[in-house]
Number of protein chains: 2
Amino acid sequence: MPECVYTAGMRASDRAHLTLREEIIAGDLAPGSVLAEVEQSARLGISRTPLREALGRLVADGLAAPSAGRGVVVTAVSLDEAAPLFDLRIALEVLAVRRSAENAQHDPAARELFSGLAVRFEDAVAPLREGAEPSEYYALTEELDRAIDSTSGNAYLTDSLRTVRIHLVRLRRLSRHSPERLAESAREHAAIARAVAGTNPELAAAATVLHLQHALSHLRTASLPAPDPPPPGGPAQPSTASTALGPEARLKETTA
Amino acid sequence: MPECVYTAGMRASDRAHLTLREEIIAGDLAPGSVLAEVEQSARLGISRTPLREALGRLVADGLAAPSAGRGVVVTAVSLDEAAPLFDLRIALEVLAVRRSAENAQHDPAARELFSGLAVRFEDAVAPLREGAEPSEYYALTEELDRAIDSTSGNAYLTDSLRTVRIHLVRLRRLSRHSPERLAESAREHAAIARAVAGTNPELAAAATVLHLQHALSHLRTASLPAPDPPPPGGPAQPSTASTALGPEARLKETTA
DNA sequence: TGGTCGATCACTGTATACAAAACGGGCGAG
DNA sequence: CTCGCCCGTTTTGTATACAGTGATCGACCA
């Protein structure tokens with residue numbers, strides 16, 4: 001497995017937090033997996049102390065929750081959470097793009113930034129429709145997110161959006177994204193970036209609502225079959241982390 | 001110094017987190033104070049390990065920030081942050097009351113709850129105008145917050161609001177609240193509760209915008225230039241806060 | 001045979017000891 | 001006189017050892 005990020009020089013607790021977060025988001029650590037301290041510290045080659053700090057940050061992120069007596073378990077994620085999550089997300093993102101568009105009126109560099117992003121999104125439409133790998137497109141959307149964060153001028157808002165986006169990435173994995181939808185999404189992103197570059201707050205807000213409503217409705221209709229069969233009250237089977245790599249770990253980015 | 005909360009049975013890290021958070025919010029730990037691990041662990045009578053966890057949660061809450069080589073320092077708070085904080089707060093609270101009002105349409109118990117709160121807010125108007133202690137009123141507002149949180153039906157939203165409200169309490173300490181303003185605020189809160197009880201989302205949203213805009217403008221105009229002198233029984237000395245800080249780091253905030 | 005009680009076990013929570021790294025002060029050279 | 005470098009001190013980062021607590025499983029009794 002490739003160490004995708006440059007991990008040298010950072011603290012062990014940061015490495016553990018990053019690794020566990022990616023594994024949870026990727027699904028390698030299935031919801032319900034118990035993150036036992038001794039087990040995970042041994043697996044990651046670190047001690048319990050930095051691992052505990054990493055687990056605490058995971059809990060703060062909402063990716064794990066403490067279970068009485070069993071340590072922390074990976075939180076479940078389902079499409080039922082899409083509605084409340086998008087409800088919040090729409091409010092936050094609309095506010096962010098509105099402020100970015102307003103602030104861009106006195107910031108020529110920001111206008112240039114968003115103009116460039118708009119062009120890059122438009123250039124990404126055709127390849128996506130032809131079935132290109134969406135990872136590059138996702139990186140572009142993260143770049144747009146960062147641009148909005150930096151120009152909205154509201155650290156509190158950026159912080160709230162950070163948490164929302166973490167959960168969003170997990171939700172995205174529950175749905176299959178067709179090339180048509182990805183291309184449409186890129187067009188919508190281009191419209192948002194263009195509206196911000198044009199310093200039109202209302203247009204930017206409307207474009208954002210449009211995009212997010214489309215994303216939500218598509219998320220609902222293109223859901224993947226749930227890997228967990230048990231319908232009764234029990235939320236998730238307490239599968240141990242070491243054995244969780246078996247059944248459902250192989251649904252890796254099959255979106256095409 | 002009253003131990004206001006029941007601390008038996010909880011973990012040492014929870015106690016430390018709670019204690020430090022209250023001290024920061026109350027101003028006993030002034031902005032810029034260095035929270036050295038050995039010093040604070042000795043003061044609170046615990047070891048460094050649970051204290052570290054408490055500091056980590058403080059950083060996650062935004063009440064402290066890590067400073068390279070100096071440990072974590074209490075974050076500064078000023079009225080300059082009121083604008084972005086309220087910008088986010090308005091978006092979140094408006095969404096919350098809107099959803100609460102919607103959900104109350106199918107929840108008679110919620111309507112009863114908000115009706116009762118509206119009456120209690122109206123009953124609090126007269127005493128506040130006559131200079132009553134606002135602590136009881138603040139407890140009532142927290143009760144309204146909890147009612148909105150529980151009926152909005154959105155855990156993500158509730159979580160974001162939690163962080164906002166922590167910072168809000170710190171901001172509130174920077175401003176003086178006249179009995180007139182407190183009474184007016186109680187009336188506005190009553191209007192919000194009444195609108196939710198009446199299952200009118202738009203009215204509830206408008207009442208919330210009205211209240212928060214009033215609160216923000218009053219916060220700006222009634223700032224405290226020189227806060228309270230140090231408390232007479234104040235045992236917690238600012239420790240190394242003033243020693244390691246340069247002249248420019250000493251902000252206008254002092255212990256409240 | 002079913003229920004309940006007890007012991008065992010594993011896990012977390014806490015404390016302390018060790019090591020690395022960064023800041024501040026002091027010294028010397030230019 | 002100022003700038004740059006070096007070293008001591010203090011701080012955090014990490015590892016490990018210990019204790020308390022809860023759950024699980026087995027045995028015993030009704």
Side-chain angles (χ1 to χ4, degrees), chain A residues 6-20 29 32-60 63-75 234-244, chain B residues 6-20 29 32-60 63-75 238-250:
Chain A
Y6 170 72
T7 57
M10 52 196 318
R11 302 185 312 218
S13 57
D14 291 335
R15 283 199 306 267
H17 174 58
L18 194 63
T19 301
L20 289 173
L29 288 172
S33 301
V34 177
L35 300 177
E37 294 182 1
V38 286
E39 178 187 357
Q40 294 300 317
S41 62
R43 185 174 71 92
L44 298 175
I46 61 175
S47 178
R48 277 184 57 207
T49 307
L51 182 87
R52 271 181 75 85
E53 186 176 328
L55 291 181
R57 291 162 72 174
L58 250 51
V59 170
L63 293 177
S67 177
R70 277 193 193 77
V72 305
V73 300
V74 178
T75 53
Q237 315 213 75
S239 62
T240 249
S242 54
T243 64
Chain B
Y6 168 75
T7 57
M10 50 196 318
R11 303 185 311 219
S13 57
D14 291 336
R15 283 199 307 267
H17 174 58
L18 194 63
T19 301
L20 290 174
L29 287 172
S33 300
V34 177
L35 300 178
E37 294 183 2
V38 286
E39 177 188 358
Q40 295 299 319
S41 62
R43 184 172 73 91
L44 299 175
I46 60 175
S47 178
R48 276 183 57 206
T49 307
L51 182 87
R52 272 181 75 86
E53 186 175 329
L55 291 181
R57 290 163 71 176
L58 250 51
V59 170
L63 294 176
S67 176
R70 279 191 194 78
V72 305
V73 299
V74 178
T75 53
S239 62
T240 56
S242 51
T243 63
L245 288 178
E248 106 289 356
R250 196 81 203 118

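Just so we're on the same page: letters track the sequence lines, and every chain starts at 1. No hydrogens, no waters, no symmetry mates; every other heavy atom, side chains included, goes into these values.
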Student: Could you check how far CD of A:Q40 sits from P of C:dT12, rounded to whole Å?
Tutor: 10 Å
Student: Between B:L55 and B:L35, is there a side-chain heavy-atom distance shorter than 4.5 Å?
Tutor: yes
Student: Is any side-chain heavy atom of A:R57 less than 4.5 Å from a side-chain heavy atom of A:L20?
Tutor: no
Student: Expressed as a whole number of angstroms, how long is the span from B:L35:CG to D:dT11:P?
Tutor: 13 Å
Student: First locate atom CD of A:E39, then atom CG of A:L51, and finally report the distance between them rounded to the nearest 0.5 Å.
Tutor: 10.5 Å
Student: Taking C-beta and beyond as the side chain, do B:V59 and B:P66 meet within less than 4.5 Å on heavy atoms?
Tutor: yes
Student: For A:E37 and C:dG13, what is the distance between atoms CD and C1' respectively, to the nearest whole Å?
Tutor: 8 Å
Student: Test of understanding: with side chain to side chain donor-acceptor pair (under 3.5 Å), list the residues that count as partners of A:E37, not counting sequence neighbours.
Tutor: A:R48, A:R52
Student: To the nearest Å, how far apart are A:R11 CZ and D:dT14 P?
Tutor: 7 Å
Student: With sequence neighbours left out, what residues match B:S47 under side-chain contact (heavy atoms from CB on, under 4.5 Å)?
Tutor: B:T49, B:P50
Student: Mind checking side chain to side chain donor-acceptor pair (under 3.5 Å) for A:S41 and listing every partner two or more places apart, or none if nothing turns up?
Tutor: none
Student: How does DNA chain D read in dot-bracket, base by base from 5' to 3', with Watson-Crick or G-U pairs under 3.5 Å and | used when the partner is on another strand?
Tutor: ||||||||||||||||||||||||||||||
Student: Between A:S13 and D:dT14, is there a side-chain N or O to OP1/OP2 distance below 4.0 Å?
Tutor: yes
Student: When you measure from the side chain of B:T75 to the backbone of B:L63, do you find a donor-acceptor pair of N or O atoms at a distance under 3.5 Å?
Tutor: yes
Student: Scan residues 44-58 of chain B against DNA chain D and write down, sorted by residue number, each residue with any heavy atom closer than 4.0 Å; if none is found, say none.
Tutor: B:R48, B:R52
